Every structure is written in C-alpha cells, then in structure tokens.
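Structure first, then comments.
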Amino acid sequence: MKFVSFREEHTSMYKVVPPTVNLRDLEHEVLALWQAEGTFAASMAQSQGRPTWTFYEGPPTANGAPGTHHIEARAFKDIFPRYRTMKGYHVVRQAGWDCHGLPVELAVEKELGFSGKKDIENYGVAEFNAKCRESVVRHVDAFTELTTRMGYWVDMDRAYWTMDSNYIQSVWWSLKQIFNAGLLVQDHRVSPYCPRCGTGLSDHELAQGYEDVSDPSVYVRFPVKVGALAEKYSDLSLLVWTTTPWTLVSNTAVAVKPTATYCVLESADQHYIVAQDLIENLFGSPIDEDGSIRYQVKETFPGTQLEHMAYKRPFDLIDIPDSHFVILADYVTTGDGTGLVHQAPAFGADDLISCRAYGLPVVNPIAPDGTFLPEIPLVGGQFFKKADAALTDDLRERGLLFREESYEHSYPHCWRCHTPLIYYAQPSWYIKTTAIKDRLMAENEKTHWHPDTIKWGRYGDWLTNNVDWALSRNRYWGTPLPIWRCENEHLTIVESLAELGELAGQEISDLDPHRPFIDDITIPCPHCDATAVRVPEVIDCWYDSGAMPFAAQWYPQHNKENFAAQYPADFVCEAIDQTRGWFYTLMAIGTLVFDESSYKNVVCLGHILDEDGRKMSKHLGNVLEPIPLMDQHGADAVRWFMLASGSPWQSRRVGHTAIADIVRKNLLTYWNTVSFLSLYARSAPWSPADGAPPVNERPIMDRWLLTQAHSLSAQVDNALENFDTQLGGRLITEFIDDLSNWYVRRTRRRFWEGEPAALATLHEALKIVTLCMAPYTPFITERVWQDLFRETQPDLPNSVHLADWPSESQPDSQLQSDMELARRVTELGRSARATSSVKTRQPLGRALISAPGWSELSAELVAEVAEELNVRELLTLDVSDSDLVSISLKPNFRTLGARFGKQTPLIAEHISRQDPTELVSALRDIGKVDYEIDGVDGTSTIELSDLVITETPVEGWAVAADAGESFALDLEITHELALAGMARDIVRSLQEGRKNAGLEISDRINVTWSSDNPDVVETLSFHGGEISNEVLALSLTKVPEVITGFTVFGTESEIDANFGIEKA
RNA sequence: GGGCCCAUAGCUCAGCUUGGUUAGAGCGCUUCCCUGAUAAGGAAGAGGUCGAUGGUUCAAGUCCAUCUGGGCCCA
C-alpha cells in the first residue's frame, strides 16, 4: 500500500497515519517516547496534591522467570491506577519484590546440585545466602523487562525489596508489637518432614511428591476400663481404625464426632463401640445367610456421651502421662473407618489441635532420622514405616486386632529422594491469630470483594476456620526472627539494628541482618545475667509480603506521614490462590498491628489456562512465553484479552486465535478509522483550529455519534468504577463497530468533500474513545494521541496518559433509540434486498415499512436509511389498508403472565384464535377489548401491549420481518431506475480502474468510452455529470474506439462498453 | 475426604442477579452481496436435548435439590 502524498500547501496539522500498522514496532516507539519524555514521572508529578487513591503491589516472588499469568494480574494492576489517575486522583504505585523463602532457596539448591540442609551447612550459610541474593536480583531483571514491555506503570526505581535491611527492621518492629501484645509464642506444630533429608517441606513441595502406595489398614480394639458402660457390657472395646500402625505407639486419645450417633454392638460375645453409620461396613448384614442373627445393637447415644471415657491403650512402650480417654472433634467423619479416630498428636495436625484442646501431652518417640528411639522395646531403632509389621503382629498375638486389610491411597513423598514423609511435631513460633478472629471477620465484612462470592465463600470459610499462624521456618534465607533467648528461657525481642546494637553494646547499624551475621550477635539478657543468643528460626516469607503496607515505607523509622496517607489501600489485586496467601497475611498483619485491614477493595482473578484448558506448566510444555507473545500480537492485544475476554474471575483459556481476533476486530478497526480521519483531514485540508458548525447544527449522524461517544465515556466510567473491565471492553468494542461500520460508512461521502462538521465530529468521537481505551491499551492510544491530537490541539496534554477522563454530558436517549430503530429497519431492508436478488447498486422505487415508532422518525434519519438501502422512498405501511397488509399475532406472555397468572395459557389460546386484523383494528381504535373466556373468572381485558404484532404486505413484494417489525420492497425496476443502476455500475467500474491504475484519491482523470449499447449511451448522457463528479473526471468523452490511456480495463459484460482512464 | 467455582453452537465466550414461549456474539464453514480507510463490512444458511435427573411455577438456560464431569484450594 502506498502512502498518500500531498502538495506542500495541502498539509494540515494531522500527522500521516498509514492504513497499515505493525503493532509491535508501534509499541516499541511508544516505549521510547515515554522514556524520552518521562511520561510516567510527569503523570505522577501532575497529580501531586490531588486526593490519593492507593494501590499496593503484591510482590512477585523472584524465584523464576515470569510467565504469561503475570501479564494477567499486572494488566489489572495497571488499568485501575491509570483510570483513577484520569479521574483526578494521585495514585502511588510502588513496585516490590518478594525476595526470601524456600522457593528461592530451592532454586539455588538446584543450581548448586544440593540435596538438603547438610549440603547447605557444609557450603556455608553466608555463601549460600549470597547465592540466594544474587538469584533474586537476576530474576527481578526478568520481571522488570516484562513490566516495562507490557506498559505496566509502576515505580520500579523506588521498589521495595523484602531482603532490604530497612524492610527487615520494619518487619521486626511489627513483630515486636505482636509479641508485646502476647500474640507471638513458641509452640509445637505438625508439619511434613523428610526424615532422610532432615528438613521440613513446604506445601508447595508436598504437592509435587504424592505417590500411590499400599498401606496396612488395621481395626484395633481399645478395651474400655471403667464407667457405666464398661460395667454393663463385658469385653467392651472402642473399635479404632488406622492406616499408620506405627503411630499407635504414640496413641494419646481417641476422637469421636460430637454430633454423630454411636452405639454398643454385640457380636460373637464381644461388645464394641462404633458409629452407627458404619455398622454394616464393619459387620455386614445383621442377619446371616442362614437366617441367624450376626450381631445386635444394644443401645445408641450421641458422641458427646463418650467424652472422657478411659480406655486401655494398645501399646505400653513409651510414657504418655494423663492420657488415653475419648475426646470430641468436629473433623471426625463417619464416612469410613469406625467413626472413632486414633490420636497421635505428634504426627497429625488435626490430632495436635484436638488433643491440645484437652491439654494432652505431645510425645514423639521418633528421632529426626525417622527411626524409633533406640531404648523403646519392640521397635527401637526401626525406621518408622518398617515398624508396622512388628506392631501389627504384636496386636494380633494379644487379640486386639479386629481386622487387617491393605489400603491404596496417595501419600506424600519427598520429591527429591522419594522417602515417605512423616508428619512430625516440631517446636515452632506462632502468631495467635485465633485471638483476633472476630476482628478479622469484622474487617472482612467491610471489605469489597470482586467477585463478592469470595468474601464469605472461600475467604470467609478460611477465616472462620482460622488457626494460629505458624510463623517460623528452620531455614536460612529469610527474615531472621528477632528474638534472643538466654539459658533461663528469658525472651528479648528487638525492633531494629539500633536497639540490638544498644543491647549488645556494639555499633552494628550497617550489619546485614540476615543469617549467619545476625546469629553472631549476642546480648546480655536484660532479665538475668546470662547471655542471650538469637533463636535459630527465620520467618515465613508470607509475613514479609503481608507487611509491605508499612515495611515498604520502612515505617516507623522512615516516612511516618507518607504511611498514614496511604493506609489502607483502596485497591489490591491478585489471582485467587492468594486468598489464603497474600490477601490473608495483608489483612491479618494490618489488623494485628494497626487494628485495621490493609485494603478496602480486592479484585480476585481466575487462573490462565492453555488453549486446551490445561494449567500451563513447564512439565507439559504448554507454557506461553510472555515477551514473545507480546511481540507477536502486541502488548495491547494481550492486555485487552486479559481485561475484557471472558470473566476475569473465571479461569480462562488463552490462545493465539483469540488474541489475533482482538487485533483484527478492535485494534485495527480503530486504527483504520484514525487513518481515515487523518487521510481526509489532510486532504481537505482541515484542522480543529479551522472550526466547524456547532454540534446542534450538524447532520443527524454527527449528533448521534457524539451522543454515543458521551454515553460510552459515562458507561465505561461506571464499569471501571465497579472494577468491571469486561463490560467496559464490550462497550468500547461496540462503539468502535458503530463508529466504523455505521457512522463512517454512512458519512464517507462527506469526508471526500472535506466537510468540517464531519471531520470535527469524527475527531471528537475518536478523542473520547481514545481516552476511554487508554487504560486498556496504553500504546496504540498514545500513538493516536500523538498523531491526531497533540499537534492539532496544542491546549491538550502531551500524552493521552496525562489527560483527564472525558467530561460527561447528558446523552440524547431519544436520538439513540431512533437510530436503533433506523438500524433495525436497515437490517430488515438488507435482508429483503438479499432475498430479492436485486443487487444493492440497483436503485429501487419504494419500500413499505411497519414498525412501532417508524412514522415519527425524522425525515433526515429516514433519508439515511433510504440511501443505505438505495431505495428512493420509504413509506409507512398503513394497517388499515387491509388489501396490502396481512397481520400475524402472538401473545405477549410477559404482560399476560403478570396479570393472569395460572390462566395465562387460556387467555393466550383465546387470543391466537381471534382474527388478527379485526383484533388489532379494534385495539387501535378503542385501546382495549373485553372477553368472556371459559375457565377464566370474570371479564378478561386485552390491551395492545398484550400482543406482539407483525404486519407484512401481501404477495408481490420482497419481505423481511422480525419481532413485530417488517420491511417490504417493491421490486419493480422502471427504465429510469435501470439507467440509474447502470450509472452506479459504471462509477464502480471506473473506481476500480482508478485503484488498479494506482491513482491517489485526489487525482483528477480524463475518461474516454465507447459503446454501441443504447442504454449505455443514454446513461452516460443522462447521468454523465453525476458520474464525472463521483470519479473526479474532468472530461467524459465518447470515442469511436478505446484509446490506450493510463490504464484500460476489460469490457463489463453487463455494461457492454469500453473505458479508458488517463490521469489529468 | 472437605470447601468453592465452572459446564450454553465445531472453538472462545455473553445471557442467569430481576423466570416470559424464536437462547445471542465473535471465530470457523457454505452461498450470495458490497467495497476510493479497513488484514474490513452486509445478507442468508448449516450448527444447541443451554452437562444429567428431579422439583418449584401458568411458564425454567435463568430459581431449588441431587448427580456426573472439569478446575482451584485445603487435607
């Protein structure tokens, strides 16, 4: 495609906008422009002093390369700050990087080929942590590149790093607040632990290592020792099921469900206590095949009645004082097993919680290497899983084994060495979040969730079942827990290096607060004369990120005022997996430290899947690399996909076709409209400074387009205010379609003529839609702003991203609904044309239209429809002219149903039996008709609105009808119409000839023609002026035979003539 | 094993809050039309038991229950 060239005196202030565009190149040019002009900084400076709208960036963990899913969250994190900035707010956007934690350590261990803590200790903690730090910096670079490339405006120069000394000290300060409130304590916790590697594992690792195994499944009798039931029934036992016989050594209690029904059952002279729901599973049918009674239920009672019932434990191998009775626990189910659950609190998280509620001790006979302690009889020194056989044998010999099976299930294994993991109680530091549960619930109540089902669904459930936060990790690369302990168990917590230095009597303000350096600092215990050393743990890195509202400001040592102005956030946004992650830690820490949640609005996104609906993973090889994806389609298109294709809250499939579609449908259509304006404004030439008639004096199409544009800005404003990017996107797409395929299509001719009203209208409409799109697609809109607006309207800002949201004005809803009607009628007209097989270029004389409201439409609007359909006259079909019209009726169930309820079908049937013409005439004359209908009480009154009427002309016309509106086309082609049709055919042929000859749109031509066809001769003589005008011909000359001009094209069979075109 | 979300055309998705008798859009497919911005546009057509079953209702894609399948989170 060639660019249009212009003579010097024809330049307007618009830049040349080529009709084709390479979005990738365009985006890189825009990035360079923003860089050169410091646009983001200008936007921040310009909004300084305005009301703040606060956004918190959830820091991505810098432990790997960013993926396409990061574009999703970042598109949302970008659009709302941009939108709010346009709405007059100052939106601080500080980037952040999550630096600590097991994911980083694991990545480094992998790089170094390590297989556990021993390797790290041998390598040296200082060296290892240095590698972690280096790995973080490396991965942050990749995130920075992604962030810049996609146009996510966030202040990366002032980014917070959770490994920064000031950040860590801020975290320490908050921990001290919590500690002082008595909510930070040391306790036991059960966590998955690899006995071979000697380390606990995170949930993330756990998920990678499930393997299917076959374990023993044993049912064991626990004899009941004392109490009323034990006296009443001989040999009474609790029947208990477990798949981990090795934990029976540590049996501490038996749990039952308080609300379930239990019973005493007699079978073969033995008595058992089991859940009633499970009797048949355990004992089979009550009646044997030969009719004898197998067992008998003696009595039933609720689980609560068993509480505190003492029993004889299965093994007396280790000492567990004050234990061995029945406790109540809600988590017990009666879906499998016996309904009585063996409790070993050292090896089960649920067990630990339930047993702790009864003050039971936690006794752990397993050494850190996974073997039973050597002094224990029977199993001492055995690996825990290997002990199952010996223990089961022993139970069998003592007659306590009721049944023995094997059980297939998935069990977590170490993903590195495939050793079965052990759930293992270890001392651990906790934040007692359960103590502030009510406050958390109250804060959640005030929070606006999008979608709101999360609030009391997934997230609310999580809060309701809140457990204390296990804060500590026995690891290396993390924020050290700032607690020093002396041999007398006195605890001292510090809030800063300054405080620590004072206590230690050393100047350490420049000390790296990480391990191992911090571990070397000892202090004299303030409570006694012993020396206190730091406890070895680091903290959960989720605490780091949850502390960012204040830690990012290095509060309270720095930025006290800033912090107050920016707490809590108006907006946070992450994917749904953060409900229990960052969304929780943010709210919990905010509530713990400031008694107020850290955010007011939260947008919770669904996950991104591949084209086949599978999760993207390196393992499956279906990962979409983000930068190549954006370079292929453009970041704007990818952003648009994330923001507006499908529900953001739902998991969505992302694929090339969907994104390519966005480019074609939205971005290129928009771009071409821009190119169109530039082309004709420059051709005219015209610039906004040249002026245009006031809007109310412009043609109806102009007034309509502008009212549509104003509606658009109001509706998109409303959608984004409610965090609904999908709706906003749909509205913009519809507008672009209206603009390109209705307004420009209908108005094209006025642009050829360089009409200021049309140019000014399109200019203004493009400005509004450009502003509305700017937060979605910051690149293409910026380029358009530079090309169409920056030069032509010097009073406007230098960047679309420095502009305000378009001001609102009252839309003309009458005009909008009139246009909708006109467009519906146009559609019917096109349909009628298509069925008639008379081509659109052939003018027709008249059409009859029946549609409510049609007769009230302005002549100007009717003329638009007539021209679009190439029909001379559009008449209203007169219903009273019953020779021409046939009427069909359908009952309107919506209005009838509301009035008649159950009797609706009777009324509807009655209506459809009436003569349609008579009924409609009567209703139009009188307004209502009364019927007496069988089965319906009293008189039934029918009104016009109770009917859906379709009026169609009788035979001989080409008809299209839909939903009560119809269009009938008179197909008679008079000689005069035929000539007019031929004239248009000739124009089209000549235009094509011009195009083939490569002429510019403004080139003038001379045309020669020859033909023996009398119709052609008549057409050219009758319509010659019109034709010349259309094709910019200075002359239209008949010649005996065609002279070879600039170009010659072949004979059109229908026209039967030869033409020659020559550039004038 | 528990909780939450989802299921609509060959594909990607609207519609469900507030029930109304012809369930839409885009892509793809077939035929035709139109084309001095457009990688466009228009018309017609093929393509749907709205996951299944039951219920509520005069009326269910829409409300309720159960089930099946998929996803996520947690064990």
Side-chain angles (χ1 to χ4, degrees), chain A residues 1 4 17-21 203 206 331 333 335-336 348-350 409 412 451 453-454 457-462 465 575-577 579-581 606-607 609 611 613-615 641 645-647 649-655 657-658 660-665 668-680 726-727 730 733-734 737 740-742 744-745 748 751-752 826-827 829-835 837-841 868 870 890-898 900-908 948 960 962-963 987-988 990-992 994-995 999-1003 1030-1032:
Chain A
M1 173 70 70
V4 179
V17 179
T20 56
V21 62
D203 293 349
L206 199 63
Y331 81 88
T333 64
D336 52 16
D350 286 328
H409 65 142
T453 49
I454 307 276
R458 185 179 281 213
Y459 189 75
D461 285 346
W462 167 247
N465 299 313
I576 189 157
D577 51 292
T579 41
R580 291 166 186 215
H607 284 121
L609 307 173
E611 272 187 303
R614 296 173 306 176
K615 202 173 165 180
F641 176 86
S645 273
S647 292
W649 342 119
Q650 243 166 272
S651 52
R652 290 177 292 165
R653 301 176 182 203
V654 52
T657 37
D661 210 41
I662 288 164
V663 172
R664 257 186 323 117
K665 194 88 184 86
L668 292 184
T669 307
Y670 165 70
W671 179 262
N672 281 306
T673 310
V674 168
S675 169
F676 179 88
L677 173 62
S678 159
L679 180 67
Y680 288 104
Q726 186 191 17
L727 175 60
R730 204 176 71 216
T733 302
E734 280 166 11
D737 189 60
S740 170
N741 293 322
W742 182 244
V744 171
R745 176 190 169 86
R748 207 175 278 169
F751 287 91
W752 301 346
T826 301
E827 248 174 67
R830 283 180 186 144
S831 177
R833 273 256 176 205
T835 46
S837 76
V838 177
K839 58 189 173 185
T840 313
R841 270 204 305 279
E868 174 67 20
N870 202 14
K890 278 188 357 186
N892 179 354
F893 280 89
R894 189 186 284 271
T895 59
L896 292 174
F900 296 104
K902 280 192 181 189
Q903 290 158 337
T904 306
L906 292 172
I907 310 271
V948 177
D962 187 46
V987 167
R988 202 195 91 69
L990 289 170
Q991 299 290 29
E992 198 169 302
R994 283 185 60 113
K995 205 172 182 179
L999 295 174
E1000 312 287 358
I1001 58 155
S1002 51
D1003 284 340
E1030 284 288 305
V1031 302
L1032 302 185

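All values derive from a computational prediction rather than experimental measurement. Convention: sequence-line order gives letters A, B, ...; per-chain numbering from 1.
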Inset, instruction - Would you classify A:R748 as touching base, sugar-phosphate or nothing, given that sugar-phosphate means primed atoms plus P, OP1 and OP2, and contacts are heavy atoms under 4.0 Å? - result: base
Inset, instruction - Could you check if a side-chain atom of A:D737 sits within less than 4.5 angstrom of a side-chain atom of A:T669, using non-hydrogen atoms only? - result: no
Inset, instruction - Using a 4.0 Å heavy-atom cut-off across all strands, classify A:E827 as base, sugar-phosphate, or nothing. - result: sugar-phosphate
Legend entry - Among B:rU21, B:rG26, B:rG41, the nucleotide that comes nearest once only the side chain of A:F893 is considered: B:rU21
Legend entry - Nearest-neighbour nucleotide for the A:H607 side chain, B:rC72, B:rU21, B:rG20 considered: B:rC72
Legend entry - Nearest to side-chain heavy atoms of A:N741, which nucleotide of B:rG41, B:rU21, B:rG26: B:rG41
Legend entry - Sugar-phosphate, base or nothing in reach of A:W752, heavy atoms under 4.0 Å: base
Inset, instruction - Start with the C-alpha distance between A:L679 and A:V17, add both sets of side-chain angles, then the distance that settles side-chain contact (heavy atoms from CB on, under 4.5 Å), and finish with yes or no. - result: CA-CA 7 Å; A:L679 180 67; A:V17 179; over 6 Å; no
Legend entry - First encountered from the 5' end of RNA chain B, between A:D661 and A:T579: A:D661
Legend entry - A:R894 CZ - B:rG20 P separation (whole Å): 5 Å
Inset, instruction - State which residues pass side chain to side chain contact (heavy atoms under 4.5 Å, CB included) with A:V987; sequence neighbours excluded, sorted by chain then number. - result: A:Q991, A:I1027, A:E1030, A:V1031
Inset, instruction - Could you run through RNA chain B and flag its stems, i.e. three or more consecutive Watson-Crick or G-U pairs with both distances under 3.5 Å? - result: B:1-7 with B:68-74, B:10-13 with B:24-27, B:29-33 with B:41-45, B:51-55 with B:63-67
Inset, instruction - Could you tell me whether A:T895 contacts a base, only the sugar-phosphate backbone, or nothing, with contacts defined as non-hydrogen atoms closer than 4.0 Å? - result: nothing
Inset, instruction - Classify the nucleic acid contact of A:V17 as base, sugar-phosphate or nothing, counting any heavy atom under 4.0 Å across all strands shown. - result: nothing
Legend entry - Among B:rG42, B:rA37, B:rC27, the one nearest A:V744 by side-chain distance: B:rA37
Inset, instruction - Please state how far atom CD1 in A:I576 lies from atom P in B:rC74, giving the value in whole angstrom units. - result: 11 Å
Inset, instruction - Report yes if a donor N or O on one partner sits less than 3.5 Å from an acceptor N or O on the other, where the partners are the side chain of A:S678 and the base of B:rA37; otherwise report no. - result: no
Legend entry - Among B:rA39, B:rA14, B:rC58, the one nearest A:R664 by side-chain distance: B:rA39
Legend entry - Rounded distance in Å between the C1' positions of B:rU17 and B:rC29: 36 Å
Legend entry - Sugar-phosphate only, base, or nothing, as touched by A:S645 at under 4.0 Å among non-hydrogen atoms: nothing
Legend entry - Position toward the 5' end of RNA chain B (nearest nucleotide), A:K665 or A:L896: A:L896
